[in-house]
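Taking it in order: structure first as structure tokens, then the write-up.
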Amino acid sequence: MQIGDKSTIFMKEQFKKYYDKSAGSLNFPERLSEREIGYIPFQGSMTRHLSFGTPSELRTFLIREVPRSVHYSSGYYSAPTLPMAQKGWKGADLIFDIDTDDLHTPCQAEHSRWICTACSSIGVGKRPTQCSKCKQPRLKAIKWSCPKCLDSAKGDTVKLLDILCDDFGIPRNEIEVFFSGSRGYHVSVYSKKYESIDQMARSDIADYVSGKGFLLGALSLSSKRRYNDLLRSFPEANGEGWKGRIGNHIVNKLDLGAIEPMEQVISQISKTKTTTLRHLAEDALSLFSARIDPTVTSDVHRILRLQGTLHNETGMMKKKCVDLDTFDPTTDPVVIGDEPVKVIVDKSPPLSMMEKIFGPYSSETVEIPSFAAILLIGKGFAKVV
Ligand SMILES: [Zn+2]
Ligand SMILES: [Zn+2]
């Protein structure tokens with residue numbers, strides 16, 4: 001998108017309307033003055049290492065600047081405006097990112113598109129090595145999430161919350177869940193117990209919630225297992241943690257739930273083939289683990305999109321999910337108005353927003369509500385006519 005073109009001007013106008021109306025009532029994360037703030041303007045590149053003493057200073061900034069995107073640090077610093085090495089790290093929220101990109105949903109084959117950064121042509125399907133039109137190799141995959149992808153991300157977020165609350169004992173009121181504004185969910189834990197842990201410990205937590213590194217030996221399921229070992233290590237009915245989840249899954253799948261006492265159950269398990277037990281254990285790990293991006297969790301200096309601000313590619317808000325079950329990412333974070341606007345759209349997948357479906361469009365001029373136009377412009381499919 002060229003600076004000063006009609007589409008950029010339209011997008012900025014729409015963002016301005018939103019910030020004029022809503023910035024005054026936005027809430028930000030606790031300890032705002034200790035966090036680094038960065039933003040990308042509509043014209044120019046990213047500015048980092050800013051800090052705002054109070055929420056109202058930041059609200060004023062949003063109204064005055066109308067940024068294309070705004071980010072905050074999960075970390076807290078003594079001097080957030082200094083270069084990284086001199087900031088004085090004091091701690092960080094424990095954060096998790098669940099992105100539809102990492103979920104490999106089968107529908108991605110239907111809606112994957114690419115755009116050539118040299119000639120702007122768009123292609124359907126997986127990104128080839130060169131542009132079919134201008135033969136240049138500078139192609140970018142357009143990231144797209146349909147309602148099925150977003151549902152899948154919500155499912156993983158629910159699993160993550162279960163693990164954080166049940167296995168780590170984190171109180172639910174110390175956890176906030178947000179829709180990221182585009183492709184998934186952010187989970188932030190604000191806890192005295194976890195704020196000062198280092199990168200290694202965060203990386204271990206990321207592995208744990210992803211079900212990585214669980215040794216089947218811990219359940220004595222190896223081929224050399226003995227009845228007594230199994231009796232000692234196999235979890236009680238409804239046991240806790242990964243051991244409990246895997247144990248329950250094995251018991252349920254082998255139909256041993258109604259059998260008592262435990263010795264009988266163990267004797268049945270010890271007679272089951274090792275490969276069957278291994279498959280069941282691996283099943284349980286993939287069924288109940290949360291597919292998070294581990295690099296986000298382990299990074300103690302991460303910057304994330306700021307809650308209440310708009311996503312640069314969708315115009316949707318990063319929104320707190322008060323009730324994740326009923327949260328609808330295709331309507332709840334839509335804050336741009338519905339005034340119709342004429343755009344030319346090419347090769348866009350069907351877009352579900354506000355209980356309507358827009359497209360698929362192929363090289364056509366259409367008049368659609370501003371909220372849908374902004375998303376198609378932001379992703380690179382549309383231009384204002
Ligand atoms: Zn091209
Ligand atoms: Zn999808």
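Computed from a prediction, not measured in an experiment: that's the story for all the values here. We count ligands from 1, going down the list as the structure has it; atoms in each ligand are counted the same way.
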(request) Give, rounded to 10 degrees, the angle between SG (Cys134) and SG (Cys119) as seen from the Zn ion (ligand 1). (result) 110°
(message) Side chains of His301 and Tyr77: any donor to acceptor distance under 3.5 Å?
(response) yes
(request) Please note down the angle at the Zn ion (ligand 2) between NE2 of His111 and SG of Cys107, to the nearest 10°. (result) 120°
(request) Quick one: the SG of Cys146, the Zn ion (ligand 2), SG of Cys149 angle, rounded to 10°, please. (result) 120°
(request) From the options Thr100, Thr314, Asp102, Asp99, select the one residue that forms a side chain to side chain donor-acceptor pair (under 3.5 Å) with Arg183. (result) Asp99
(message) Using a 6.0 Å distance limit plus a 45 degree cone around the ring axis, check whether Arg31 lies over the aromatic ring of Tyr76.
(response) yes
(request) Please find out if less than 6.0 Å separates the ring center of Phe61 from that of Phe52. (result) yes
